[in-house]
Amino acid sequence: MRPVIFLGLLILLSNTTLILAQERMVTGQVFDASNETMPGAVIQVKGTTIGTVTDVEGRFGINAKENSTLVISMIGYKTVELNIRNNTSVTVRLEETTIGLEEVVVIGYGTASKRELTTSISTVQGEVLQNVAISSVGEGLKGKMPGVRVTSVNNSPGSETEFRIRGGSSIHLTNDPLIIVDGIEQTMEGLNPADIETFSILKDAASTAIYGARGSNGVILITTKEGKKGKPSIVFEAGLAHQQAARQLEFLNAEEYLGIMRPAMQRSPFSNRLNGASAAGTGNTASSIYTTQFLAEGASVPEGYRSMPDPLNPEKTLIFQDNSFRDQLFKETWWQNYYLGINGGSESSTYAVSLGYLDDDGIAIGTGFQRYNFKANTSINSIKNLTLKFGVNYSELVKEEYDNQRDVIARGLAAPPTQKIYMEDGLPAPGYSATTPNPVFYDYYNDQQKKTKYLTLNGSARYDITKSLSLNVQGSIYRREYDADSFEKANKYNPERTVSAIANTLERNKVEFYMAWKRSFNKKHSLNLMGGYSYQDELSDRLTVSGYGGSTDKIITLNGATTFDPLSTTGIRESFRLAGFYGRAMYDYKKRYLLSLTFRADGSSLFDTNNQWGYFPGMSAGWVISDEPFMKGLDKQVSQLKLRLSYGQTGNNSISNKDALGSYSPSVIYDGNGGLVPDRMSNINLRWEHTNQLDVGVDLGLFKNRITVVADLFDRRSKDLLFQKELPNTSGYNWVMSNVGEVKFYGFDVDVTTRNIVRPNFTWTSKFVWSFVKNEVLKLEDNNRDRNRIGGINGQLYDGTPFSFGGLAEGESLYSFYGYKHAGILQTTEAADNAYYDDLSTGYRDGRSLKGRKNPGDYEWYDRNGDGKITDVDQFQLGVTEPVSTGSLNNMFTYKDWGLNIGIDWALGHSIYDEAYSRYFLATFAYTHSLVKDVLNTWTPENPNAKYARFVANDSGDGSNNFARMSDVFTYKGDYLSLREISLIYNLKGEFLRKANISHITFNLTANNLCYLTQVPGSISPETGSASTYSGSYYNYPPVRKISAGIKVTF
Amino acid sequence: MNMKKIIYLFTISFILMNGSSCLNLNVPQDSIINRTSMWKSEDDCVAAVYGMYGQLRIAMNRNYAYWGDYRAGAFNSSLALGADISYMVTNTITSSNDGANWASLYKTINMANLILQYAPDVTFRSDDTKDWTLANAHFVRSFAYYYIARVWGDAPLVVQGFDSAEDPGIYPEMSSAQEIYTQVEDDLTRALERMPQNMPGGKSTRTTATLTTLNMFKADFFMWMARTQEMGDYALNKAQEGLDVVLSDGSLKLLAQYGEIFDASKKEANSESIFVIRFSKDEYEGGFASNYLFTDGTVNAADKELIADGTLAIGTGGGVVQRVTYSTDFEYFLYEEPTDQRAQVNYRVVTTPAKTYRYINKYTGEWISGARYFTSDIIIYRLADAILYQAELYNLRGETDRAIGELNKIAQRAYGVANFYAQGYTPEAVENLILEERMKEFASEGKMWWDLIRFGQVFTRVESLKERENEEGVLFWPIHDEARNKNPHIR
């Protein structure tokens, strides 16, 4: 610390040599609120470069003119400006800034100081989204919200992130929290991160009960920036980032590929494919998509080809191309972002208006994202006691993304290195099949664009009838319009020129009316009452038109089509209504004993008449122990200590309007006649899903709040779970929505903020966030099965006793997945012949296949039921898809005008069955599938200790399913630690800027997603657990690393 | 503004915004038919009949070939050894095999059950339409259970429709094949009672059931019952009743050109078909035949014009690779008689200087401007079937000459010669002639497996079943894992 102060002094002193003679010395002393002297405070004469710092006793001396203003600042304290008039000696008292436990928190329908809070609410300032290269709000919140796990499920540009507050509350229904922006229920997608003022995260039931039916998964309240009184301040920001895949797969090159494929094909049941037109076959011609051929006698190797001796007959020479489809698919690209905002106001009105533009090129071919934002918030106070606010938010998002990432990414990368990228006519070569395209082919033939427009209009009026009573009316209109157009040029797989247009609109109109009353008695008791009514109507309109048969590729819209496809052309309109009454009472005695009661009644049109209303109460209490007289002696160490307890009930209603009354679908045409078929089974007894949550928390501030800790333990139990109850397949339905059972989510979350070093020129603060959540199914409907299991597999032990596993069962946790476990590799034919019969092994040997037979090099699997056979009942739990523990550590350093933030985050406990990776071992698709480098480490008689079993051409069809079955071989612990963000910030201030009317300029240099420490191989993100990375709904888009530079100019 | 005014303003605006609807939570839905609005009118019930046939089409789309053809020994699969079809052709079917799942049939049955449950109480504009609705529901339920009993043997017998979570009987127990056959017979009888003589206006006479269809089904069912379920003369008499009706239907004629039966562009003119499941472009395209055709990549560059002139049928460029072909033995069998006009339709063999191409040439749909549309109907029953059943029945009754007479009707079209088969064969020999003519006449038409069982020759003619007579349930399909895992009563 001393060298830093010394250095600061030196710089400041060197400046003072420039002062003019008519100035005189002013001396003073700086204290904090508790009259402690403050060393290291910075004193500056306003409008000059003259400055100094206080000594160990808080004293300072500075030369200043009469009537000049001193600016006294210290990090962690509010800056004070003081006119010295003609004084020569001053005393300054600095107040701590309201960070930590004193800040004002937005709660539902009101605000409260953090001190008064009895519920579990965390706040995050919009500033965390500054100076980082992010495309969405969620991306910037990773690891920054205590108790909230923020994950990029899909890394495709412009995709929304997933939020999980305390793990969720439901088995089947959504676990997404309710997101309310300036009072309007919506997604974060249309928001520009730069417009956000604060986030409030409501985690326990007592805080979310005010949102009743939708509160079970927690609530995120977002407030956008409003105008501030004063001169207009203009902000311009620009950022540019270079981006690339943060993780990549390593494939075999052509030589390695042929070297391992041709011998494998020789051993296979279809060895005639060695001469065929295929990836490693030699029957390719100019019209084939593969290049492998024998070099004709006397011919030379064609341009762009390589050669090698045929591993099966070294006298012959193979010629082939060596292409990397990975490098065709993923590129290094640019990202840019611009923002212009103006903010200001007078006594009677304030305004904040902004424009934003973002362009993300996407690292994968044919993907990209652009966002345009306009936002305006105004507030008018010109009528006495009446405050009117109006806000507009318009945003347009243009996305280019794959409809099916598995097909374009996982299967696009299935193209072997010997496949052509372009045919001789210059057009991209097709891939193995329509759903396994060469990525360049996909990009060339598919044209699609998705555009989402958000429009939000909101107005509110607040009338203060008396000082303590106010009336509030709030109305809002929210529109989301989604348009997607797609066109496929005529190609080998689809000559029809399929064209489609989707137009979906969502209209949400809402009105709220509430009164708030606040009163203190005898300066000891204060009471705060609020009650109101909310009404929301929602209409969604979905239109899809699809046609084909156009004569040209030049027209890519529907007017080119000649035939419209009635099966893919639909129009659906759905309505939904929610009404609610709510109220809250907060009472405290001397701000020391706090009590809060909340109630909401919600009615939803989604249920049948008798089950529409649900009632959601909540209570919470707090005790500020640090205010007790007996704590007096400890106030140096313990600046704040509060205990909180809350309990409440919330709901989840996100079912569809088909679930209660069932539906018959008109989707069938038979012989030209319209037909109706049962689509959804009805269940008129459907009720609300209810969640009860208990929360015990502590807020602790130590050493003048240098260390603040907020910790909560919670136990969340959801009853009457709305669940797709599986039905026998003789019923005509797959499932029926039912209220089934009870599930528990429990754990804790901790948030520790420390100000490690606080010096005038140097600060170091840290924020540590840790959450832990587990779940357990407590009760399911009686169904005569073991633990009332739903789904899963039934089997028998060797002695005939039935057993079962999988699905959902009482006492087990959610999100499990199952597969086989390997027990070593069979080394010899004898061992293979003595191995268990294996239902999935074709047992091909010596030209014959024998189902169940094993070969040397195959895995032996564990026999769970001891019947000596490996069948589908011999599976074990391989892992769960949701992490148990997540956390982050952010360190922020400032040194003078420099700032440095380093953020890391991690998640533990989830697993990933990387089926997509396993497929690069299969050599499937008629022996044409590409292979990864790890295939070189498969078993051979010469390499008996290999990591993997033997390599077979088409393991999934002609082999023993060593790799193709769901097993522990390709199941990885998803545990990871991500170096999420490093940003270096420099604030440029000074006289020359002021002349240009610039208040200051901030430069930043940022790196996002620098690396992951994880055992998960390949290019996928370890952030999301998965029971299969090859499923059509899994997102294979790799995480993106960005290195960015930005500038922010404030006028 | 004073305070009162402002409070009034608030209150008025509040009321205006909410209107009177503030607590009305019954929002009308414009795009859904639910349990409160379904089964109210004739239109609902008629739409349900077409919906039911739509479900039957889904059930048969691929399974028709799985259940009726691929196990019969004539097929080869180039699919990987572990694929579903490869297990069928080698008769090593597992409980995870696609074809072992009965869900689509029970979905069809549920639709029939719902119609039979609700339609009787609905007021129809015309009695004929009501009869037609109920008769079709009985027929489809009967037809579906006929398949269930033959494919799985014992299975759940569900005769109550489900549309609500409170419905009892959602977890059915197993019933014996006997009980299921009884249900088939019962439903068939009711369908025959109910089916109007004249189809109500606008109702198709090929793609939904008619009296002729029902009688043809009757013949098929009772021939099966007579020969596999030991129902003897009772069943043979019933079968004869059915055949009598079918063979006297004047609208039915054998087409002169065998190939035209399968011409997807001439469906409406097909006077030989009795009952088909309709497939059509932009409505629903067929499934299993895409396995029969190869891709253009297989065709030698020199032979490409054969695609354009229609000599070679290929799947749409790069589609599914040819997965199912006939065995060499069966190819020889089909081509055994050089004059047989059916051979090139059953199995196209085209030899060019460059290559020999072979593919199953039925149900290949239409080729329209460079794209293949699998629009062929599945022909469940056609006149040739009735004629050969008549031959079989005569022969079983010892009327060998009359049997040969019927057989020759089919032979005449095939070989272009009258009285192709001379009189004087033994009944055993005629039995074999009929079976072999059926195998040629109905190759890849989903009948061969059932014929082999009915003629009692499945263990002798199917290589992969030889010496497996004593294997329990070897002629049935295993019950799919999904059925066992979702209902503890299914064993």
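Naming convention: chains lettered A, B, ... in sequence-line order (proteins, then strands); numbering from 1 in each chain. For clarity, every value in this text was computed on a predicted model and none was experimentally measured.
- When each of D44(B), I58(B), N101(B), N110(B) is scored by its heavy-atom pairs under 4.5 Å with chain A, the top score falls to N110(B).
- A side-chain donor-acceptor contact under 3.5 Å links Q29(B) to the backbone of S575(A).
- Separation of atoms CG (D839(A)) and OG (S95(B)) is listed at 7.0 Å; rounding is to 0.5 Å.
- At a 4.5 Å heavy-atom cutoff, N113(B) makes no contact with chain A through either its backbone or its side chain.
- Between chain A and the options R484(B), K281(B), Q160(B), the largest number of non-hydrogen pairs under 4.5 Å is found for K281(B).
- Looking at every heavy atom in both residues, D671(A) comes nearest to E283(B) through N-OE2, 2.6 Å.
- Interface remark: N485(B) contributes backbone and side-chain atoms alike to the contact with chain A (heavy atom separation under 4.5 Å).
- Here the CG atom belonging to L25(B) is positioned 9.5 Å from the CZ atom belonging to F576(A), to the nearest 0.5 angstrom.
- Using a 4.5 Å cut-off on side-chain heavy atoms (C-beta onward), N729(A) and W102(B) make contact.
- In this structure, S682(A) contributes its side chain and D163(B) its backbone to a donor-acceptor pair below 3.5 Å.
- Here the shortest heavy-atom pairing between L727(A) and K486(B) reads O-CD, 3.3 Å.
- Interface remark: S164(B) contributes backbone and side-chain atoms alike to the contact with chain A (heavy atom separation under 4.5 Å).
- Of the two parts of T730(A), the backbone and the side chain both hold a non-hydrogen atom closer than 4.5 Å to a non-hydrogen atom of chain B.
- In this structure, no portion of T435(A) lies under 4.5 Å from any heavy atom of chain B.
- In this structure, the portion of D872(A) lying under 4.5 Å from any heavy atom of chain B is its side chain and not its backbone.
- With hydrogens and angles ignored, the 3.5 Å screen pairs no side-chain donor or acceptor of Y670(A) with any backbone N or O of R57(B).
- Put simply, the side chain of P728(A) does not reach to within 4.5 Å of the side chain of I490(B), judged on heavy atoms.
- Side-chain N or O atoms of E574(A) include none that pairs as donor or acceptor with a backbone N or O of S31(B) at under 3.5 Å.
- How far CZ of R35(B) is from CZ of R680(A): 15.0 Å, rounded to the nearest 0.5 Å.
- Only the side chain of I32(B) comes within less than 4.5 Å of a heavy atom of chain A; its backbone N, CA, C and O stay farther away.
- The number of heavy-atom neighbours closer than 6.0 Å to CZ of R573(A), taken from other residues, nucleotides and ligands shown, is 12 or below.
- Interface summary for chain B: among V668(A), N734(A), L567(A), D565(A), the most heavy-atom pairs under 4.5 angstrom belong to L567(A).
- At least one side-chain heavy atom of D282(B) sits under 4.5 Å from a side-chain heavy atom of Y548(A).
- The greatest number of non-hydrogen atom pairs below 4.5 Å with chain B, out of I669(A), V677(A), I684(A), N683(A), is found for I669(A).
- The contact between E166(B) and chain A is made entirely by side chain atoms (from C-beta outward), counting heavy-atom distances below 4.5 Å.
- The side-chain heavy atoms of K851(A) and T90(B), taken from C-beta on, include no pair separated by under 4.5 Å.
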Please lay out, stage by stage, how D481(B) and I793(A) fare under the test side chain to side chain contact (heavy atoms under 4.5 Å, CB included).
-> CA-CA 8 Å; D481(B) 298 333; I793(A) 288 178; over 6 Å; no

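- Using a 4.5 Å cut-off between heavy atoms, P430(A) does not touch chain B at all.
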